[in-house]
Student: 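Below is a structure I'd like to ask you about.
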Amino acid sequence: YDLKWIYDQVINLICDPVIEPFAVFKSKEEFKNRQSQVKVKNLVRLFNERIWREFLSMYEKYLIEKSTKAQYPQTSLIYFDFNPGQEKHVRKMVREFSRKFDQQAKFPAAGIVEDVVFRDSKTSYFIQLADILAFSISRIINGRGDHDVFTIESVIVERLRSRVKGKI
């Protein structure tokens, strides 16, 4: 009961009108099925690379659209749950996106700030909120797992769907 109450309170925070949650969901299983000719060793790297490229592309487009609406350039930092095995790869990918500005655009500086901030989720409330959002989106799309403690209520599902920007 307490866990459900805490979860509901966190979702209320995520769905606050001031906060703009952004999420992209991709199925590893669907990706594996489409890439059956790729060696398993390269599959994880390829999946992560494609996911990051799609996420960064969508997020940058979102920031540019938001800049147009706000009439002021919108920029963003990317916080990432610390993972030593992915740090070099993620930094490289973000830098590819962050160093390209369209000088002809109305807001050429809009987009992603140059580097990624790696934080251990145990020490960062922002990463913990992102983890709960990712957990929720995954549960909504994939359904419940065998070990779930509670069911996400349809009211929360609809609130998340209406608030989350991105591709879910």
Side-chain angles (χ1 to χ4, degrees), residues 6-28 30-31 43-142 152 155-168:
I6 291 168
Y7 176 78
D8 290 347
Q9 298 308 306
V10 170
I11 293 300
N12 286 338
L13 177 64
I14 290 172
C15 291
D16 185 283
V18 175
I19 295 175
E20 293 184 28
F22 190 93
V24 175
F25 178 84
K26 289 292 179 181
S27 168
K28 289 180 185 175
E30 286 179 27
F31 183 80
L43 201 57
V44 172
R45 182 189 53 78
L46 186 61
F47 179 76
N48 286 334
E49 183 177 303
R50 287 198 182 161
I51 294 302
W52 270 99
R53 282 192 194 285
E54 184 172 350
F55 167 74
L56 293 171
S57 177
M58 290 175 63
Y59 195 54
E60 187 172 58
K61 182 180 175 190
Y62 165 74
L63 290 170
I64 291 168
E65 288 172 359
K66 189 174 175 185
S67 297
T68 303
K69 288 178 186 174
Q71 292 296 299
Y72 186 82
Q74 303 290 307
T75 57
S76 176
L77 289 171
I78 303 290
Y79 282 83
F80 188 77
D81 198 356
F82 182 70
N83 181 333
Q86 293 186 11
E87 182 174 358
K88 182 179 177 182
H89 173 72
V90 171
R91 280 192 195 282
K92 179 181 176 250
M93 195 71 74
V94 170
R95 286 180 179 152
E96 285 177 25
F97 272 84
S98 63
R99 293 184 177 171
K100 296 177 184 174
F101 293 109
D102 180 2
Q103 296 301 324
Q104 305 304 317
K106 186 172 182 179
F107 301 103
I112 300 166
V113 174
E114 184 169 319
D115 211 350
V116 181
V117 178
F118 288 89
R119 299 287 304 267
D120 186 334
S121 63
K122 294 175 187 166
T123 63
S124 171
Y125 292 125
F126 291 119
I127 298 293
Q128 290 174 15
L129 287 173
D131 284 346
I132 291 171
L133 178 60
F135 164 81
S136 300
I137 298 299
S138 176
R139 290 248 331 262
I140 289 167
I141 291 172
N142 290 327
I152 299 176
V155 172
I156 290 176
V157 171
E158 291 311 312
R159 284 182 70 205
L160 284 171
R161 286 182 194 243
S162 70
R163 293 288 304 140
V164 174
K165 313 286 189 244
K167 186 176 181 180
I168 57 170

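For this chain, numbers begin at 1 and follow the sequence in order. All heavy atoms count here, side chains included; hydrogens, waters and symmetry mates do not. Quick caveat: nothing in here was measured; it's all calculated off a predicted structure.
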Student: Please name the pair of heavy atoms, one in Asn48 and one in Gln86, separated by the smallest distance, quoted to 0.1 Å.
Tutor: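 What the structure gives for the nearest pair is ND2-NE2, 3.4 Å.
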Student: Test salt bridge (charged side-chain N to carboxylate O under 4.0 Å, His left out) on Glu96 and Lys92; report intermediate values, then the result.
Tutor: CA-CA 6 Å; Glu96 285 177 25; Lys92 179 181 176 250; 3.6 Å; yes
Student: Rounded to the nearest 0.5 Å, what's the gap from CZ on Arg139 to CG on Leu160? Could you check?
Tutor: 11.5 Å
Student: For the pair Ser136 (side chain) and Ile132 (backbone), establish whether a donor and an acceptor sit closer than 3.5 Å, ignoring hydrogens and angles.
Tutor: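 Indeed, once roles are kept as given, a pair shorter than 3.5 Å links the two residues.
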Student: Do you know which two heavy atoms are closest between Arg159 and Asn12, and how far apart they sit?
Tutor: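 For Arg159 versus Asn12, the nearest heavy atoms are NH1-OD1, 2.6 Å.
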Student: Can you see which heavy atom on Asp81 is nearest to which on Ser121, and at what distance?
Tutor: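 Residues Asp81 and Ser121, closest heavy atoms: OD1-N, 3.0 Å.
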Student: Name the orientation class of the two ring planes belonging to Phe126 and Tyr79 (parallel below 30°, tilted from 30 to 60°, perpendicular beyond 60°).
Tutor: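 Answer is tilted, since the angle falls between 30° and 60°.
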Student: Under 3.5 Å, is there a donor-acceptor pair between the side chain of Glu87 and the main chain of Gly85?
Tutor: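 Such a contact is absent between Glu87 side chain and Gly85 backbone.
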Student: Tell me the closest heavy-atom pair linking Arg161 and Ile140, and the distance in Å.
Tutor: NH2-CG2, 3.0 Å
Student: Roughly how far, to the nearest 0.5 Å, is CD1 of Ile112 from CG of Leu77?
Tutor: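 Between Leu77 CG and Ile112 CD1, I get 10.5 Å after rounding to 0.5 Å.
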Student: Nearest heavy-atom pair of Ser67 and Phe107: which atoms, and what distance?
Tutor: O-CE1, 3.4 Å
Student: Which class fits the ring pair Phe55 and Trp52: parallel under 30°, tilted 30 to 60°, perpendicular over 60°?
Tutor: perpendicular
Student: Quick one: closest heavy-atom pair of Phe22 and Leu133, and the distance?
Tutor: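 Closest approach of Phe22 to Leu133: O-CD2, 4.3 Å.
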